[in-house]
Amino acid sequence: MNDALIIFDTTLRDGEQSPGASMTRDEKVRIAKQLERMRVDIIEAGFPAASKGDFEAVKAVAEAVKDCTVCGLARAVENDIDRAAEAIKPAKRGRIHTFIATSPIHMQHKLRMTPEQVLERAVAMVKRARQYTDDVEFSAEDAVRSEMDFLCRVFEAAITAGARTINVPDTVGYSIPHAWGERIKSLIERVPNSDRAIWSTHCHNDLGLAVANSLSAVLNGARQVECTINGLGERAGNASLEEVVMAVRTRRDIFTCDTRIDTTQIVPASRLVSSITGFPVQPNKAIVGANAFAHESGIHQDGVIKKRETYEIMRAEDVGWSANRMVLGKHSGRNAFKQRLKEIGIDFKTEAEMNTAFERFKDLADKKHEIFDEDLQALVTEADLEQENEHYRLVALKVCSQTGKTPNASVTLAVNGSEKKAAAAGGGPVDASFKAIAKIVGDGSQLLLYSVNNITSGTDSQGEVTVRLEKGGRIVNGHGADTDIVIASAKAYLNALNKFVTPAERTHPQAGQPI
């Protein structure tokens, strides 16, 4: 029988540290419920001590999820441990994940602590966490650049203090598979009480090796992998959950372990995370990209027609591509709409919210003949964004684009309930629309990213636009969707501007005073 490989999903925590990828409490709960359907073992829901908003989000996930362990991150600081414990209290199964840096460069320049002080703090905070729960995970931040002798001492002491999971992170994405596997193997062999803990790996993708490093760790004894949907995460991202899971599942001839993941939920999870964060999935992304199971070459097509296994090592259906999809349209009734939303994990708190969503659905159905699951996800996500903060709201937009003429746009916005109008010319209809909006808002933000992604196929597909803005060192993402790409762009721009009106509720987990 294969060993169990534990999947620790940190999309809601490390994934949220992607610039502009902050999620609301309700969005985190929606993703957490999808992760639960996918049978993820552990959901790291956030960093409760970072802000009141993060605390409430972790608590909400702990209340909503029943079949997964819910985890809160905490630095090796008393207040962090206490806040994490309070946030996960409603969970059926809760975990506290505490960490401290162990590399010379981090200890000297970030923590300003001696190795002995770090060791003492790690032990004390693991013991403090154990007062709240038996499920405590300890991570040695920047383990990849830590001295092996010191790592062994810290891990041995953490296990003795009560840590039941030991996580070895490649925090900066520095390692390569052979070296990382050797490090994991050596730690397990050298730490005297290593058999009393589950060994975990957390790899970043700065060199494009996060998945390879994670799999090498598994081959050398790790039995927990920390990963994210779509490889979302800080800088170049984290190890991609879908790639780790399918590599282990597909290469059973090599791996002596397997996960409990329901792989048919992978594509729905990918689309939901992409929709909520505004980070589109590249077409050639493994497993979940639009081209992952597409064949252009005539030779490949001929081979697949004759026998699928000639060029496909996985079945598209197994990861959710060909799952049963009810297509809704303008003649679909309220019950069919409500039932389909329930099937894809969307529940409404009140009947009024459901009625509003149904009205949006009918409006969309008048523009688009067939409405797919992806359209419904985008519809609900957009409704959540509007409820978040409507300091600025699009009332009307008129654009004129003609060959040989400079495009121009006139826009009407509701600003705190009062209508304001402006017009501007630009290099294209979107540029003109943004300039007209900027005349009204005048906030001085800088556009860092403008991205367009079609939600489904066809010329009547909704366009999903992501806008990233920067102002005063703060980066936000805005999202908008519409069958009219110019309107979707204006919605995304306003969504980002609205976020600047609201003070930031999150701080980076490693920000603040040295610890």
Side-chain angles (χ1 to χ4, degrees), residues 12 15-28 46-47 50-57 232 234-235 274-280 378 381-397 409-424 426 430-453 464-482 485-509 511-512:
L12 302 181
E16 194 187 22
Q17 287 176 212
S18 302
S22 290
M23 308 168 204
T24 66
R25 180 186 64 187
D26 290 344
E27 287 170 345
K28 280 196 170 189
F47 177 58
S51 67
K52 180 181 178 181
D54 237 32
F55 175 88
E56 293 298 335
L232 191 69
E234 199 168 10
R235 304 186 312 278
S274 177
S275 172
I276 286 176
T277 62
F279 282 60
T381 297
E382 186 179 21
D384 289 344
L385 292 173
E386 289 181 2
Q387 292 171 11
E388 207 178 306
N389 182 354
E390 276 204 305
H391 184 80
Y392 304 114
R393 180 172 59 84
L394 181 66
V395 176
L397 174 62
S410 58
V411 64
T412 303
L413 301 183
V415 182
N416 271 343
S418 300
E419 289 193 2
K420 296 187 177 182
K421 299 181 179 181
V430 172
D431 185 45
S433 300
F434 281 20
K435 286 178 177 176
I437 291 171
K439 280 187 177 182
I440 297 174
V441 176
D443 77 320
S445 59
Q446 180 184 359
L447 181 66
L448 301 182
L449 173 73
Y450 172 78
S451 173
V452 181
N453 190 44
E464 189 174 49
V465 176
T466 299
V467 170
R468 185 173 300 163
L469 302 179
E470 187 273 332
K471 183 172 73 172
R474 185 180 173 193
I475 298 174
V476 298
N477 269 9
H479 318 301
D482 199 277
I485 201 64
V486 181
I487 293 175
S489 300
K491 287 179 178 179
Y493 189 37
L494 290 170
N495 177 239
L497 291 171
N498 276 326
K499 291 180 179 179
F500 281 133
V501 176
T502 305
E505 287 196 346
R506 295 192 76 257
T507 57
H508 193 291

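Keep in mind it's a predicted model, so treat the numbers as computed, not measured.
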Tabulate below the donor-acceptor pairs under 3.5 Å that side-chain atoms of residues 431-442 make, not counting sequence neighbours, or state none.
unit_1: Asp431; atom_1: OD2; unit_2: Gly427; atom_2: N; d: 2.8
unit_1: Asp431; atom_1: OD2; unit_2: Lys435; atom_2: NZ; d: 3.2
unit_1: Ser433; atom_1: OG; unit_2: Pro429; atom_2: O; d: 2.7
unit_1: Lys439; atom_1: NZ; unit_2: Ala423; atom_2: O; d: 2.8

Between Val465 and Tyr493, is a side-chain contact (heavy atoms from CB on, under 4.5 Å) present by the stated rule, with each step listed?
-> CA-CA 9 Å; Val465 176; Tyr493 189 37; over 6 Å; no
Please name the pair of heavy atoms, one in Gly480 and one in Ala492, separated by the smallest distance, quoted to 0.1 Å.
-> N-CB, 3.5 Å
Which is it for Leu394 and Ile487 under the side-chain contact (heavy atoms from CB on, under 4.5 Å) test, yes or no, and what are the steps along the way?
-> CA-CA 9 Å; Leu394 181 66; Ile487 293 175; 4.2 Å; yes
Check Glu56 against Arg25 and note the closest heavy-atom contact, atom names and distance.
-> O-CD, 3.8 Å
Taking all non-hydrogen atoms of both residues into account, name the closest pair between Val501 and Tyr392 and its distance.
-> CG2-CE1, 3.8 Å
Drop me the distance from Ile276's CD1 to Lys28's NZ, to the nearest 0.5 angstrom.
-> 11.5 Å
All N/O donor-acceptor pairs, side-chain side in residues 412-419, below 3.5 Å, sequence neighbours left out:
unit_1: Asn416; atom_1: OD1; unit_2: His391; atom_2: ND1; d: 2.9
unit_1: Asn416; atom_1: ND2; unit_2: His391; atom_2: ND1; d: 3.3

Please tell me if the side chains of Asn477 and Thr466 come closer than 4.5 Å, counting only heavy atoms from C-beta onward.
-> yes
State whether the side chain of Glu16 and the backbone N or O of Met23 hold a donor-acceptor pair below 3.5 Å, judged by distance alone.
-> yes
CZ of Arg468 to CZ of Phe279, rounded to nearest 0.5 Å, is 4.5 Å
So, Asp443 and Ser445: side-chain donor and acceptor under 3.5 Å apart, yes or no?
-> yes
Leu449 vs Val467 side-chain heavy atoms within contact, under 4.5 Å | no
Taking Asp54 for its side chain and Gly46 for its backbone only, find out whether a donor-acceptor pair lies under 3.5 Å.
-> no
Distance (rounded to the nearest 0.5 Å) between Phe500 CZ and Ile475 CD1 | 8.5 Å
Identify the two heavy atoms, one from Ala496 and one from Val476, that lie closest to each other, and give their separation to 0.1 Å.
-> O-CG2, 3.6 Å
From Ile485 atom CD1 to Glu464 atom CD, the distance as rounded to the nearest 0.5 Å | 9.5 Å
Please answer whether the main-chain N or O of Lys491 pairs with a side-chain N or O of Asn495 as donor and acceptor at a distance below 3.5 Å.
-> no
Rounded to the nearest 0.5 Å, the OG1 atom of Thr277 sits from the NE2 atom of His479 at a distance of 6.0 Å
Around atom NZ of Lys471, are there more than 12 heavy atoms of other residues, nucleotides or ligands at under 6.0 Å?
-> yes
